[in-house]
Amino acid sequence: MNIRWSYRVFVLALGVLSVGCPADEKPTAPVHAPAAPPPVRRAQLKGLQGDVKVKRAAGDEWLPAQEGMPLFENDKVRTVAGAGAQIVFANGSVVSLGEDALIGIAETRPKPGQERTDLTVLRGRVDAEMEDPARQSLSVTTPAATVRAGREIVFQ
């Protein structure tokens with residue numbers, strides 16, 4: 001019986017020691033995961049006509065679009081019947097959305113010496129213009145195909 005009692009006292013003493021810190025030892029700050037980098041602005045909305053909505057990559061709601069509104073990777077833009085908008089990319093490329101369109105700003109993997117514009121067309125028609133086709137590249141992905149254009153290429 002005396003041995004059991006000694007064992008209980010020893011376990012209790014270990015528990016008390018692990019709770020506190022010695023006076024000369026300072027507690028360490030909790031380790032936090034590195035903060036995610038802020039989203040990179042890829043484009044902005046211009047020339048809004050009619051009902052245009054934006055869905056943020058991290059959001060669930062469709063928000064009313066505003067002139068000059070910044071667009072980030074994986075944001076979506078939607079137009080309804082009779083609506084339209086232009087998306088002006090940082091490299092000068094302009095994509096015009098027609099009515100009943102749904103597009104997404106795709107993640108861009110830049111190549112040295114070439115400015116890329118990547119978007120996904122889920123529905124509708126888009127017209128694109130590149131400011132400097134010799135230095136720019138445009139990639140349009142649809143549910144069925146991907147089209148990449150550089151220089152002067154026309155596709156419909």
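Just so it is clear, the structure is predicted and the values come from calculations on it, not from any experiment.
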Going from [atom1] on [X] to [atom2] on [Y], what distance comes out if it is rounded to the nearest 0.5 angstrom?
X    : Y    : atom1 : atom2 : value
M130 : N91  : CE    : CG    : 9.5 Å
F72  : Q44  : CZ    : CD    : 10.5 Å
S96  : R125 : OG    : CZ    : 9.5 Å
L122 : R78  : CG    : CZ    : 12.0 Å

Check: [X] side chain, [Y] main-chain N or O, donor-acceptor pair, under 3.5 Å:
X   : Y   : value
E67 : G47 : yes
E99 : A81 : no
T79 : G98 : yes

Note, [X] side chain near [Y] side chain (heavy atom, < 4.5 Å):
X    : Y   : answer
L71  : L45 : yes
M69  : V54 : yes
L63  : R56 : yes
E73  : D75 : no
V77  : V52 : yes
I103 : L97 : yes

Checklist line | Whether over 12 other heavy atoms sit under 6.0 Å from K55 NZ | finding: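 Yes, the 6.0 Å shell around NZ holds more than 12 heavy atoms from other groups.
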Checklist line | Result of checking I87, I105, L119 against R42 for side chain to side chain contact (heavy atoms under 4.5 Å, CB included) | finding: I105
Notebook entry, point to check: Only one of V126, V140, V121 forms a side chain to side chain contact (heavy atoms under 4.5 Å, CB included) with V95, so which one is it?
Noted result: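 The option that passes is V126.
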